[in-house]
Amino acid sequence: MKLWLPKIFIIRCWQILVVMVTMFCCFRSSHSECDFEAIFNFGDSNSDTGGFWAAFPAQSGPFGMTYFNRPTGRASDGRLIIDFLAQGLGLPFLSPYLQSIGSNYRHGANYATLASTVLLPNTSLFVTGISPFSLAIQLNQMKEFKTKVDEFHRSSYSYHGTESTNLPSQDIFGKSLYTFYIGQNDFTSNLTAIGIGGVKQYLPQVVSQIAGTIMEVYGLGGRAFLVFNLAPVGCYPAFLVERPNNSSDVDEFGCVISYNNAVVDYNNMLKESLTQTGEALSNASLIYVDTHSVLLQLFRHPTSYGLRYGTKACCGHGGGTYNFDPNLYCGNTKVINGSTVTATACSDPKNYVSWDGIHTTESANKIIAQAILNGSYFDPPFPLHQICDIHSIG
């Protein structure tokens, strides 16, 4: 005997199924809502997701080995802090502004490039090897981007809607998070040549330039800013190898005291400047992010965070305490004393804080990002958990 079902019954079942699927999708959507629909990042190699290498393709070697399984222009074995931050807010990885092919800017753009500085690189303060994309240039790129977005939505093509373009909606700039992770190269690029005393003389200019840039982005519609402070470079293998021959300038953890003290002075100056700038910006959140404290603890107590090596580079040459050779950077090959040698990566970057003597590993970046996302290192306090439903960054 065949079971006969009325046509109206079958249609009704389909309707119920559609409603259930819609409710499930809506639940997932509401559960992952975030007031920030995009991130716009300004920075250097600590947050460059491929901009420099899009302009000057050359990266090879073990970069990206942990997560991407290939070089992507990131100065690490995997994801950077900015990558984890995007994941935590439920956003895709940021496309480099300089990458014309394969980029999607609907959820922001990344203006950071390797070796970028806050101050213009054509001053007498800097030596060769510095990126031409200083913070002022990155700001101009941001302005150009906003102009292009406005023009697109005013044009006759805007009827296609945002689904047909890789550009964001016109109102995105007031719904975005603006991140600044830049300043390290201003501090380190001339450190050997002019010493820590010389470097400290122009750090107030660096702070002033960052504050001025934030005010200009505010004028473009930006209302939420996260500004990362400077890392404890006195614990970086690259600078420990070339440290002055003065044992009294090294602390119990093997870090250069004078370098790290100068960083603390700079960070205090930056924090004070951001406080003053924030008071002048109505209806804006200008947040100082103390990544320095997290990274300093990682260098000093790596085992407390599940790591093994603090001031030793994973990818480098020379072995020993630091595994860093200033004449042979990670992934490079060179003839030294008649022999061809390559600066190779360790097999367990997950156990290291330092990736290549200058940048951090994915493991360290994840720990730092988790500290940022839980809101413990914001000044003033910033209710990120109330603004966004934080995603896992596993």
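Model, not experiment: these values are computed from the prediction.
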Identified ring-ring contact (aromatic ring centres under 6.0 Å, His included) counterpart of Tyr352 within the set Tyr305, Tyr309, Phe299: Tyr309
Over all atoms of both residues, closest heavy-atom pair of Met65 and Ala345: SD-CB, 3.8 Å
Test: Glu216 and Lys143 ion pair at under 4.0 Å: yes
Nearest-0.5 Å distance that lies between atom CG in Leu85 and atom CZ in Phe36: 9.5 Å
Identified side-chain contact (heavy atoms from CB on, under 4.5 Å) partner of Leu226 from the options Ile39, Thr291, Thr179: Thr179
More than 12 heavy atoms of other groups within 6.0 Å of Met215 CE: no
Nearest heavy-atom neighbours spanning Leu373 and Phe84: CD1-O, 4.1 Å
Main-chain N/O of Thr113 paired with Ser116 side-chain donor or acceptor, under 3.5 Å: yes
Donor on one side chain, acceptor on other, Thr117 and Asn185, under 3.5 Å: no
Closest non-hydrogen atom pair between Ser273 and Ala211, with its separation: OG-CB, 3.6 Å
SG proximity flag Cys346/Cys314, limit 2.5 angstrom: yes
Steps toward salt bridge (charged side-chain N to carboxylate O under 4.0 Å, His left out) verdict (Lys175, Asp35): CA-CA 7 Å; Lys175 302 177 181 178; Asp35 286 358; over 6 Å; no
Output field: ring centroids Phe324/Tyr329 closer than 6.0 Å: yes
Pair Asn351, Asp348: side-chain N/O donor-acceptor within cut-off below 3.5 Å: yes
For Lys334, the option from Asn327, Asp325, Thr342 that meets side-chain contact (heavy atoms from CB on, under 4.5 Å): Asn327
Parallel, tilted or perpendicular, as decided by the 30° and 60° cut-offs, for the rings of Phe42 and Phe180: parallel
cation_pi(Lys146, Phe173) dist<6.0 Å, angle<=45: yes
Arg74 to Tyr67, cation-pi by 6.0 Å centre distance and 45° axis angle: no
Shortest non-hydrogen separation from Gly310 to Val353 and the atoms involved: O-CB, 3.7 Å
